[in-house]
Protein chains: 2
Amino acid sequence: MSPLKAVAPDGTFTTGPDTTERLLTPGEVARVFGVDPKTVNRWALTGRIPSVRTPSNQRRYRQSDIDALLNPSP
Amino acid sequence: MSPLKAVAPDGTFTTGPDTTERLLTPGEVARVFGVDPKTVNRWALTGRIPSVRTPSNQRRYRQSDIDALLNPSP
DNA sequence: CATTATTAGGGTAATTCGGGAT
DNA sequence: CCTGTCCGAATTACCCTAATAA
């Protein structure tokens, strides 16, 4: 199964990648938690947060992962 | 082999275009990695991603290439 | 044919990376 | 153990106009 899903927010089926899963930059995540962007990256290095790497080795963080940290065991 | 059919691991095949070789626009790839579409084109220029050119010089990216970047030799 | 969105370019400011010292 | 800061180098975002796509 491809990681590039094709279900639109309204439930319709569209061909193409899943655009519903937003990716956040280190700076954006840093603002959420009120810490330095480098601290966010250290969390990734120590395995506290999952991260996605761009082809140029920059880190991106899934919105769902951040939401999970903000809402533990709902 | 023809790009117009997909052969599953069990030997069956599906009719229609090969979805693993679908071409993605710069904007679609950009949303996958959470970057600007221009950045995706820069990846192509610097050889980080293979790209296909339309007759009008626009860039397209093979979904299989994008999948490979997200799942580096598992 | 007209309209709207996307893309290709280039130029510049901002962000990110990694290491290392504090 | 965890965090914020300094550094240089690399990477990216946003600005614009013209061309292409739907």
Side-chain angles (χ1 to χ4, degrees), chain A, chain B residues 2-6 14-74:
Chain A
M1 172 182 180
S2 168
L4 302 178
K5 292 182 288 185
V7 179
D10 56 11
T12 59
F13 183 90
T14 58
T15 54
D18 181 3
T19 58
T20 65
E21 185 67 284
R22 242 257 289 177
L23 290 177
L24 307 179
T25 64
E28 290 173 322
V29 178
R31 282 178 224 117
V32 170
F33 290 102
V35 297
D36 192 89
K38 185 152 190 169
T39 297
V40 178
N41 288 343
R42 278 196 280 243
W43 290 343
L45 287 171
T46 55
R48 296 174 183 271
I49 311 184
S51 68
V52 180
R53 291 290 201 138
T54 69
S56 56
N57 243 22
Q58 291 201 352
R59 294 182 187 86
R60 295 285 118 95
Y61 302 92
R62 298 202 171 278
Q63 178 82 64
S64 57
D65 289 331
I66 305 305
D67 288 345
L69 291 172
L70 295 174
N71 307 338
S73 61
Chain B
S2 169
L4 296 181
K5 63 182 177 182
T14 55
T15 56
D18 185 345
T19 55
T20 66
E21 293 300 333
R22 198 178 93 81
L23 292 180
L24 306 179
T25 64
E28 289 173 324
V29 178
R31 285 187 284 270
V32 169
F33 289 102
V35 297
D36 191 89
K38 299 299 213 49
T39 297
V40 178
N41 289 343
R42 200 178 308 108
W43 291 342
L45 288 171
T46 55
R48 296 180 190 275
I49 310 185
S51 68
V52 179
R53 290 282 198 151
T54 68
S56 58
N57 212 37
Q58 292 196 352
R59 277 177 265 263
R60 296 286 118 93
Y61 304 91
R62 297 197 176 280
Q63 182 161 346
S64 57
D65 290 330
I66 306 305
D67 286 347
L69 289 172
L70 293 173
N71 306 331
S73 59

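Since this is a predicted model, take the numbers as computed values, not measurements. In what follows, chains carry the letters A, B, and so on, assigned in the order in which the sequence lines appear, proteins first and then strands, with residues in each chain numbered from 1.
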Scanning both residues in full, the closest heavy-atom pair of Pro26(B) with Val40(B) reads O-CG2, 3.9 Å

Once you apply a heavy-atom cut-off of 4.0 Å, does Asp36(B) come out as touching a base, just sugar-phosphate, or nothing? sugar-phosphate

Taking only residues two or more places apart in sequence or in another chain, which ones pass side-chain contact (heavy atoms from CB on, under 4.5 Å) with Thr46(A)? Arg48(A)

Per the ring-ring contact (aromatic ring centres under 6.0 Å, His included) rule, what does the pair list look like for residues 21-50 of chain A, sequence neighbours excluded? Phe33(A)-Trp43(A)

Expected string for nucleotides 16-21 of chain C under the B/S/- scheme (protein heavy atoms, under 4.0 Å, primed atoms plus P, OP1, OP2 as sugar-phosphate) is SSBBB-

Sequence neighbours excluded, the answer for side chain to side chain donor-acceptor pair (under 3.5 Å) partners of Asn41(B) is Arg59(B), Tyr61(B)

Bend angle of the helix from dT3(C)-dA22(D) to dG19(C)-dC6(D) from five-pair axes at both ends, rounded to 10°? 60°

Looking at residues at least two apart in the chain, or sitting in another chain, which of them share a side chain to side chain donor-acceptor pair (under 3.5 Å) with Asn57(A)? none

Tell me which pairs pass salt bridge (charged side-chain N to carboxylate O under 4.0 Å, His left out) where either residue lies in residues 25-42 of chain A, with sequence neighbours left out. Arg22(A)-Glu28(A)

For Thr54(B), what residues pass the side chain to side chain donor-acceptor pair (under 3.5 Å) criterion, not counting sequence neighbours? Ser56(B)

Covered region of DNA chain D, 5' end to 3' end, by chain B [heavy atoms, under 4.0 Å]: dT11(D) to dA21(D)

Only counting residues at least two apart or in another chain, list the ones meeting side-chain contact (heavy atoms from CB on, under 4.5 Å) with Leu23(A). Val52(A), Arg60(A), Arg62(A)

